[in-house]
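Some notes on the structure that comes next.
Residue numbers start from 1 in every chain, and the chains themselves are labelled A, B, ... in the order their sequence lines are given, proteins ahead of strands. Just so it is clear, the values below take in all heavy atoms, side chains as well, and ignore hydrogens, waters and symmetry mates. Remember, it's a predicted structure, so these values are computed and weren't measured experimentally.
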Amino acid sequence: MNLTLFDQFSSPNILAIPLMTISLLMLTIIFPMKHNRLLTNRLLSIQSKMIHIFTKQLMLPIPKSGHHWALILTSLMTLLLTSNLLGLLPYTFTPTTQLSMNLGFALPMWLATLLIGLRNQPTMSLAHLLPEGTPTPLIPTLILIESISLMIRPLALGVRISANLTAGHLLMQLTSSATLSLSSMPTLSFMTAILLFLLTILEMAVAMIQALVFVLLLSLYLQENTHN
Amino acid sequence: MPQLNPHPWFSIFITSWLILIIILLPKIKSHIPNNSPTNKKNMLTTPMPWTWPWT
């Protein structure tokens, strides 16, 4: 079998059955259900604390009518974060490198925020298409540009996380294969291994930041389209 | 790049949403306290007057 660099990103199949379900189900195992009648353990307590802090921070700038989104945004953040971080383990498949998953999350969520705005405050939502103080001759062009930037948002949202993770995984694979192929020169190989270690730390940061950015941008779109 | 031709795109799309909504959402929901009123106050026993010893 001739493996290429990109084979790690093709979704796994057994007998033409996609294993995406299993790879995503694995992520949910580390989140036990919290129960009022049971004492929490350390894992559950720290998860609870993190979820509280994140939800509070996320909902702070959003008007009260947008607070219904707290649960879905926090859950999405949890799914993306866990998927990104567990995908960094060697020989695992990262579901968040798949465009069909990220676009599948980005498009409906963005559309929902847009429709909420157009339904509840159509004038305010349409006013976002023209920045205040624009000279009159520029108005038609600017509305066109703003409309395009509005429509391109879900695409950018989905592609951003996919591209970042794909680039990171590729870099790590290239560096690790270089470490192995340079094993005849121990000093150089060791230096490449140190580079790989530093890259892994960077990728862990990227995994967390990208999950946060995805949800934060969605919350910004929501903030634009909700009112007090 | 396999991502540009996301082969089982429909199954990936459906699966990711189903897992988010059916499995992860209830789990996260159990961590977030709701603001619904409780019957905690109703269940408190009202203080009974001291009846013994008869002083």
Side-chain angles (χ1 to χ4, degrees), chain A residues 4-11 13 16-25 27-29 31-36 40 44 47-52 55 67 70-80 82-83 95-105 107-108 159 162-163 165-166 170, chain B:
Chain A
T4 66
L5 275 177
F6 287 98
D7 278 345
Q8 56 172 322
F9 302 118
S10 49
S11 62
N13 282 295
I17 302 167
L19 300 181
M20 187 77 175
T21 319
I22 298 171
S23 78
L24 274 171
L25 271 174
L27 310 176
T28 61
I29 291 175
F31 290 98
M33 180 84 90
K34 193 181 176 191
H35 203 285
N36 282 341
T40 54
L44 216 55
Q47 280 177 359
S48 215
K49 188 80 186 163
M50 289 304 208
I51 289 168
H52 279 186
T55 316
H67 285 198
L71 184 58
I72 188 84
L73 288 182
T74 312
S75 307
L76 186 62
M77 161 79 183
T78 318
L79 182 75
L80 294 177
T82 324
S83 162
T96 29
T97 51
Q98 299 297 310
L99 257 184
S100 27
M101 179 179 163
N102 296 332
L103 280 180
F105 279 133
L107 195 76
V159 171
S162 291
L165 290 175
T166 306
L170 278 178
Chain B
M1 277 173 76
Q3 290 108 314
L4 296 182
N5 179 24
H7 167 50
W9 71 268
F10 189 69
S11 102
I12 292 175
F13 172 67
I14 292 291
T15 311
S16 45
W17 268 102
L18 280 182
I19 285 173
L20 177 72
I21 299 291
I22 296 175
I23 299 173
L24 205 61
L25 213 94
K27 288 184 170 189
I28 302 296
K29 195 179 179 185
S30 69
H31 287 276
I32 299 176
N34 57 3
N35 286 327
S36 59
T38 61
N39 57 357
K40 220 173 181 178
K41 217 165 183 180
N42 296 344
M43 292 190 321
L44 286 176
T45 50
T46 47
M48 297 298 285
W50 188 256
T51 54
W52 182 90
W54 299 277
T55 51

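Within a 6.0 Å radius of NZ in B/K29, no more than 12 heavy atoms belonging to other residues, nucleotides or ligands are found.
Going from atom CG of B/L25 over to atom OG1 of A/T28 covers 12.5 Å, rounded to the nearest 0.5 Å. Atoms CG and CD1, from A/L79 and B/I19 in turn, are 8.0 Å apart once rounded to the nearest 0.5 Å. Interatomic distance, B/F13 CZ to A/L99 CG, rounded to the nearest 0.5 Å: 13.5 Å. Of the inter-residue distances, the one linking A/T21 atom OG1 with B/I14 atom CD1 reads 11.0 Å to the nearest 0.5 angstrom.
Neither the backbone nor the side chain of B/L18 comes within contact range of chain A; no heavy atom of the residue lies under 4.5 Å from a heavy atom of that chain. For a residue to count as touching a neighbouring chain, one of its non-hydrogen atoms must lie under 4.5 Å from one of that chain's; by this rule B/S16 touches chain A with backbone and side chain alike. For B/I23, the part sitting under 4.5 Å from any heavy atom of chain A is the side chain, from C-beta outward, and nothing else. With a 4.5 angstrom heavy-atom cutoff, A/T55 touches chain B only via side-chain atoms. Using a 4.5 Å cut-off between heavy atoms, A/P108 contacts chain B through its side chain alone, with no backbone atom that close. Of the two parts of A/S11, only the side chain, counted from C-beta on, holds a non-hydrogen atom closer than 4.5 Å to a non-hydrogen atom of chain B. Of the atoms belonging to A/L24, heavy atoms from both backbone and side chain fall under 4.5 Å from chain B. Using a 4.5 Å cut-off between heavy atoms, A/I72 touches chain B through backbone and side chain atoms alike. No part of A/L27 comes within reach of chain B, as not one of its non-hydrogen atoms sits under 4.5 angstrom from that chain. For A/L5, no part sits under 4.5 Å from any heavy atom of chain B, backbone or side chain.
For the set A/N13, A/L103, A/T74, A/L25, the count of heavy-atom pairs under 4.5 angstrom toward chain B peaks at A/L25. Note on A/P18, A/S10, A/S48, A/P32: by heavy-atom pairs under 4.5 Å with chain B, the leading option is A/S48.
With B/W9 contributing its side chain and A/G104 its backbone, the two residues share no donor-acceptor pair below 3.5 Å.
Residues B/T15 and A/M20 come closest through the heavy atom pair CG2-C, 4.5 Å. A/S100 and B/I12 get closest at one heavy-atom pair: OG-CD1, 3.7 Å.
Just one of A/M33, A/Q47, A/K49 meets the side chain to side chain contact (heavy atoms under 4.5 Å, CB included) condition when paired with B/H31; it is A/Q47.
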